[in-house]
Amino acid sequence: MKLLLVLAVLGLATARPEERGYGSQPASGYGAPPEQEGAASGQQPSVQTAYSTPDGAASGPEGNVAELPASYNFEYAVQDDESGNNFGQQETRDGDATSGSYYVQMADGRMQIVNYSVEGDSGYVVDIQYEGEANIDAAASGQEGNVATPNQSYGL
């Protein structure tokens with residue numbers, strides 16, 4: 001066993017530096033990929049795709065939806081008495097004219113209502129209103145009655 005160890009150490013010590021591993025080139029490496037047929041003559045491989053235009057797809061300017069003026073109307077509302085959440089939004093757009101409003105129940109008890117509009121390049125016009133009286137004590141206390149205490153679990 002000791003003899004094998006001594007022979008191995010002697011073999012490494014007498015080896016030339018370029019054969020010892022560090023900084024040496026591998027005996028075999030990755031060469032260039034083999035040339036494919038037609039590559040030398042400049043021919044391009046033929047590519048076939050299975051893609052075709054889906055049924056109902058726009059086939060010209062008359063079917064291009066992006067050129068039509070925008071026109072939509074949406075609305076949503078959330079009211080949850082248990083959590084105190086009360087918010088919503090409504091918006092209408094017809095061409096370059098957009099108008100709408102949104103509201104949110106604030107922590108201090110007031111309702112914030114924001115009305116907005118924009119027409120073309122005229123800019124964003126906004127009107128902010130508040131309804132109700134601010135109750136600073138409720139806001140400062142965090143409305144503990146509506147907040148659940150988190151349960152900590154670390155999987156132990």
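Predicted model, so just to flag it, every value in this text is computed and none were measured.
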### Query
Is there a side-chain contact between Tyr130 and Met106, using heavy atoms and a 4.5 Å cut-off?
yes

### Closest approach of Val118 to Gly123 (non-hydrogen atoms, all atoms of both residues)
CG2-O, 3.1 Å

### Message
Using side-chain heavy atoms (C-beta onward) and a distance below 4.5 Å, is Gln90 in contact with Asn73?
### Response
yes

#### Entry: Point-to-point distance, once rounded to the nearest 0.5 Å, from CD1 of Ile128 to CD1 of Ile113
11.5 Å

### Message
To check you understand the geometry: which heavy-atom pair defines the closest contact between Ser71 and Asp94, and what is its length?
### Response
OG-OD1, 4.1 Å

### Query
Are Phe74 and Val104 connected, step by step, through hydrophobic side chains (Ile, Leu, Val, Met, Phe, Trp, Tyr) whose heavy atoms are closer than 4.5 Å?
yes

#### Entry: Partners passing ring-ring contact (aromatic ring centres under 6.0 Å, His included) against Tyr124 (at least two apart in sequence or in another chain)
Tyr116

#### Entry: Any side-chain heavy-atom pair of Tyr102 and Glu91 under 4.5 Å
no

#### Entry: Heavy-atom pair with the smallest gap, counting every atom of Gly95 and Pro69
CA-CB, 4.0 Å

### Query
Going only through I, L, V, M, F, W and Y residues with side-chain contacts under 4.5 Å, is there a path from Tyr72 to Tyr76?
yes

### Query
By side-chain hydrogen bond (donor to acceptor under 3.5 Å, both in side chains), which residues pair with Gln129, not counting sequence neighbours?
Asp127

### Query
Looking at residues at least two apart in the chain, or sitting in another chain, which of them share a side-chain contact (heavy atoms from CB on, under 4.5 Å) with Glu119?
Ala97, Ser122

